[in-house]
Undergrad: 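Structure incoming, see below.
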Number of protein chains: 2
Amino acid sequence: MAKYYPELSPLFHALADPTRRSILTRLAEGPARVTDLSEPTGLRLPTVMRHLSVLEEAGLISTSKDGRVRTCAIVPEALEPVRTWLDEQRAIWEGRLGRLEAFAMKAMKEGTK
Amino acid sequence: MAKYYPELSPLFHALADPTRRSILTRLAEGPARVTDLSEPTGLRLPTVMRHLSVLEEAGLISTSKDGRVRTCAIVPEALEPVRTWLDEQRAIWEGRLGRLEAFAMKAMKEGTK
DNA sequence: ATAATACTTAGCCATTTGACTAACTAACCC
DNA sequence: GGGTTAGTTAGTCAAATGGCTAAGTATTAT
């Protein structure tokens, strides 16, 4: 029986937006200021702020303010629950597929008799 | 070599809803009718239908109608792009890739919608 | 002290989401 | 044929999403 991960919804939701994924990819190069993230996307600052807060609430990034500059950085371990869920699903899904394959294999053998 | 994944947004979006994830978990046991999926969730048929169409458009399930019964089944390989993206991100985030490779990865991800 | 920079907050707007009910169609069963 | 079953379609509704502008605050630069 699969476990229930309450934190998966905000994570998947945060990852569902291409702008947010591109922000993550940019941050993978290293920390960046809000303005640095605004320029390549062509989005206004408040819009970027919104995306950043979604990412931060999902635990995917962390931010800190020094003077008037807010610096954003990735939280590498944040993807772990997603990975765990994915591993679990694959195990179940492929297990099911395995059983179907076994059945098909048996049926084929029977048919060749 | 990494691929280009236009389908990531619908996939992540489909997975962001707990009801849809529970439907997937149920379908992992084996194919089911729409009504079978409606009962455990406590949701009405049209609501379940909506979730199913989101899952089907994301490629996570396939459905077929026989008489008046629609049967839904999982598409196990549908999670592959998610897994691949996750593997890539982990590699970058954990700093296993050089700066140049990370840059190339970012360039390829550009335009992902 | 003033101006420029870097957010931040508030609020607007169109679209999408996720739920529902009501009414409709298309099998199947007697 | 008439009733039941299984979806399906259409339409409503509140809340959330993703963009914006305009106006605020705090910090740094001249």
Side-chain angles (χ1 to χ4, degrees), chain A residues 4 6-27 30-74, chain B residues 6-27 30-74 109-113:
Chain A
Y4 174 65
E7 73 275 25
L8 277 178
S9 294
L11 269 175
F12 279 128
H13 170 68
L15 296 174
D17 186 281
T19 298
R20 285 193 289 266
R21 287 199 305 279
S22 80
I23 288 176
L24 288 179
T25 305
R26 162 65 187 80
L27 287 179
R33 303 176 310 156
V34 179
T35 304
D36 295 335
L37 299 171
S38 164
E39 279 160 9
T41 57
L43 296 174
R44 301 290 182 181
L45 274 183
T47 307
V48 174
M49 289 284 296
R50 195 89 195 174
H51 284 302
L52 291 177
S53 78
V54 171
L55 288 169
E56 191 165 18
E57 275 166 33
L60 286 163
I61 68 170
S62 69
T63 77
S64 63
K65 201 167 178 180
D66 179 22
R68 61 184 163 170
V69 175
R70 179 170 296 280
T71 302
C72 310
I74 248 170
Chain B
E7 72 274 29
L8 274 179
S9 293
L11 268 175
F12 278 127
H13 170 68
L15 296 174
D17 186 280
T19 299
R20 285 194 289 265
R21 288 199 304 278
S22 82
I23 287 176
L24 287 179
T25 305
R26 164 63 188 81
L27 287 179
R33 303 176 310 156
V34 178
T35 305
D36 295 334
L37 299 170
S38 163
E39 280 160 9
T41 58
L43 296 174
R44 301 290 181 179
L45 272 184
T47 306
V48 174
M49 289 283 295
R50 200 86 199 218
H51 285 302
L52 291 177
S53 78
V54 170
L55 288 168
E56 191 165 19
E57 275 166 32
L60 285 163
I61 67 170
S62 69
T63 76
S64 63
K65 203 166 177 182
D66 179 23
R68 59 183 166 170
V69 175
R70 178 171 296 280
T71 302
C72 310
I74 247 170
K109 288 273 201 280
E110 221 83 309
T112 295
K113 290 276 184 235

Undergrad: Checking side chain to side chain contact (heavy atoms under 4.5 Å, CB included) for the pair B:T47/B:R44: CA distance, chi angles, key distance, verdict?
TA: CA-CA 5 Å; B:T47 306; B:R44 301 290 181 179; 4.2 Å; yes

Undergrad: Can you figure out which of C:dT17, D:dG7, C:dT21 approaches the side chain of B:P46 most closely?
TA: C:dT21

Undergrad: Which nucleotide sits closest to the side chain of A:H51: D:dG19, D:dG7, C:dC7?
TA: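 Looking only at heavy atoms from C-beta outward on A:H51, the closest nucleotide is D:dG19.
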
Undergrad: Side-chain N or O of B:K65 less than 4.0 angstrom from OP1 or OP2 on D:dT8?
TA: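 B:K65 to D:dT8 OP1/OP2: side-chain N or O found under 4.0 Å.
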
Undergrad: Can you tell me how far P of D:dT12 sits from CZ of B:R50, to the nearest Å?
TA: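 So the two atoms are 14 Å apart, to the nearest Å.
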
Undergrad: Tell me if a side-chain donor or acceptor on B:D17 pairs with a main-chain N or O of B:R20 at a distance below 3.5 Å.
TA: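 Yes, the answer is positive, given that a donor and an acceptor are paired below the 3.5 Å cut-off.
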
Undergrad: Given C:dG18, is OP1 or OP2 found less than 4.0 Å from the side-chain N or O atoms of B:T19?
TA: no

Undergrad: Roughly how many Å is it from CG in B:L45 to C1' in C:dA22, rounded to a whole number?
TA: 14 Å

Undergrad: Would you mind telling me which of D:dA6, D:dG19, D:dT28 lies closest to the side-chain atoms of A:L43?
TA: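 That would be D:dG19.
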
Undergrad: Could you state the CZ-P distance from B:R44 to D:dA6, rounded to the nearest angstrom?
TA: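 Distance check: B:R44 CZ to D:dA6 P gives 15 Å.
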
Undergrad: Taking atom C1' of D:dG18 as reference, at what distance in whole Å does atom NE2 of B:H13 sit?
TA: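 Interatomic distance, NE2 of B:H13 to C1' of D:dG18: 14 Å.
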
Undergrad: Which part of the nucleic acid, if any, lies within contact of B:R70, taking any heavy atom under 4.0 Å across all strands shown: a base, the sugar-phosphate backbone alone, or nothing?
TA: sugar-phosphate

Undergrad: Round to the nearest Å and state the distance from A:L37 atom CG to C:dA6 atom C1'.
TA: 13 Å

Undergrad: Looking at B:T63 and B:R70, would you say the former's side chain and the latter's main chain have a donor-acceptor pair under 3.5 Å?
TA: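 Judged by distance alone, no pair lies under 3.5 Å.
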
Undergrad: How many whole angstroms separate atom CG of B:D66 from atom P of D:dG7?
TA: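 Between P of D:dG7 and CG of B:D66: 11 Å.
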
Undergrad: Starting at the 5' end of DNA chain D, which residue's closest nucleotide do you reach first, B:R68 or A:R68?
TA: B:R68

Undergrad: What integer distance in Å separates B:M49:CE from C:dC20:C1'?
TA: 15 Å

Undergrad: Between B:R21 (side chain only) and B:L15 (backbone N and O only), is there a donor and an acceptor less than 3.5 Å apart?
TA: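 Here the side-chain-to-backbone pair exists.
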
Undergrad: When the distance from CZ of A:R33 to P of D:dT27 is rounded to whole Å, what number comes out?
TA: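 Those two atoms, CZ and P, are 16 Å apart.
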
Undergrad: Between B:S38 (side chain) and B:L43 (backbone), is there a donor-acceptor pair under 3.5 Å?
TA: yes

Undergrad: As a test of reading the structure: which of D:dT8, C:dC7, D:dA6 is closest to the side chain of B:T35, going by heavy atoms?
TA: D:dA6

Undergrad: When we call it a touch if two heavy atoms are under 4.0 Å apart, what does A:T47 touch: a base, just sugar-phosphate, or nothing?
TA: base

